[in-house]
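Below is one structure; the comments refer to it alone.
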Amino acid sequence: QVQLVESGGALVQSGGSLRLSCSVSGSALSTYWVTWFRQAPRTEREFVAAIKWDTEDTYYGDSVKGRFTISKNNVGNTVFLQMNRLKPEDAAVYYCAARQARSVALTPPLYGYWGQGTQVTVSS
C-alpha cells in the first residue's frame, strides 16, 4: 500500500514558476515509479513526468520537457515537480500516482495508487 498527498498548487502568472510536492508513504517504495499526471477540464489525464524511486531515472512528457523537473527528497519521502516558464495550457489539476513495476508507464489505468490532486491555475 502506498499513500500519496499532493500540495503546492496555486494561481501563477504565465512565465512564472511553481513547485508541487507529493508526500509518499508506504512500504517497499524502492520498487515504485512515482508519476505526475495532469487533467484539464474536458480533457484526458495526461502524463507529465515520472521518477523511479531507487535509481531516480526520470521521464518527461513532450509538452513539459525542458521546463519541468521531477526530483525526490530521500529524507522526507517527497517527490517534487518544479515547473518553470508556465503557460496557460499548463493549467490543470495535477495528480501524483504510484506504480510498482520495473518500467515506467504513461497511461493512468496502469497506476493503482493516486493522490487527491492539486489545482494549478496559470493566468495569461
Task: NZ/NE/NH1/NH2 to OD/OE distance under 4.0 Å, K65 and D62 - done: yes
Give, for atom [atom1] of [X] and atom [atom2] of [Y], the distance between the pair rounded to the nearest 0.5 Å.
{"X": "I51", "Y": "T69", "atom1": "CD1", "atom2": "OG1", "answer": "10.5 Å"}
{"X": "D90", "Y": "R38", "atom1": "CG", "atom2": "CZ", "answer": "4.5 Å"}
{"X": "L20", "Y": "W36", "atom1": "CG", "atom2": "CH2", "answer": "4.5 Å"}

Considering all heavy atoms, the nearest [X]-[Y] contact:
{"X": "S124", "Y": "P88", "answer": "CB-CG, 3.9 Å"}
{"X": "L18", "Y": "A10", "answer": "CD2-N, 3.8 Å"}
{"X": "Y111", "Y": "T35", "answer": "OH-OG1, 2.8 Å"}
{"X": "L106", "Y": "P108", "answer": "O-CD, 3.9 Å"}
{"X": "L29", "Y": "W53", "answer": "O-CB, 3.0 Å"}
{"X": "G9", "Y": "T118", "answer": "N-OG1, 3.0 Å"}

Task: With E89 via salt bridge (charged side-chain N to carboxylate O under 4.0 Å, His left out) - residues at least two apart - done: none
Task: Close side-chain approach of F80 and N73, heavy atoms under 4.5 Å - done: yes
Open item on the list: So V122 and V120, do their side chains get closer than 4.5 Å, heavy atoms only?
Closed with: yes
Task: Results of side chain to side chain donor-acceptor pair (under 3.5 Å) for Q119 - residues two or more places apart only - done: none
Task: Exercise: do Q1 and S25 side chains pair donor with acceptor under 3.5 Å - done: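 On atom types as modelled, these side chains do not qualify, holding no pair under 3.5 Å.
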Transitively linked via ILVMFWY side-chain contacts under 4.5 Å: [X] with [Y]?
{"X": "V34", "Y": "Y95", "value": "no"}
{"X": "V48", "Y": "L86", "value": "yes"}
{"X": "L81", "Y": "Y113", "value": "yes"}
{"X": "W33", "Y": "V24", "value": "no"}

Could you tabulate the donor-acceptor pairs under 3.5 Å formed by side-chain atoms of residues 96-105, not counting sequence neighbours?
unit_1: R99; atom_1: NE; unit_2: L110; atom_2: O; d: 3.4
unit_1: R99; atom_1: NH1; unit_2: S103; atom_2: O; d: 2.6
unit_1: Q100; atom_1: NE2; unit_2: T31; atom_2: OG1; d: 3.0

Task: Main-chain N/O of Y94 paired with Q39 side-chain donor or acceptor, under 3.5 Å - done: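 Here the side-chain-to-backbone pair does not exist.
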- [ ] Sequence neighbours left out, what pairs pass side chain to side chain donor-acceptor pair (under 3.5 Å) with at least one residue falling in residues 13-23?
- [x] S17-N84
Please tabulate, for the side chains in residues 54-61, all donor-acceptor contacts under 3.5 angstrom to protein atoms that are two or more places apart in sequence or on a different chain.
unit_1: D54; atom_1: OD1; unit_2: K52; atom_2: NZ; d: 2.8
unit_1: D54; atom_1: OD2; unit_2: K52; atom_2: NZ; d: 3.4
unit_1: T55; atom_1: OG1; unit_2: D57; atom_2: N; d: 3.3
unit_1: T55; atom_1: OG1; unit_2: D57; atom_2: OD2; d: 3.2
unit_1: Y60; atom_1: OH; unit_2: I70; atom_2: N; d: 2.9

TODO: Would you please name every residue forming a ring-ring contact (aromatic ring centres under 6.0 Å, His included) with W114, sequence neighbours left out?
DONE: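 By the ring-ring contact (aromatic ring centres under 6.0 Å, His included) rule, W114 matches F37.
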- [ ] Flag yes if more than 12 heavy atoms outside Q116 fall under 6.0 Å of its CD atom; otherwise flag no.
- [x] yes
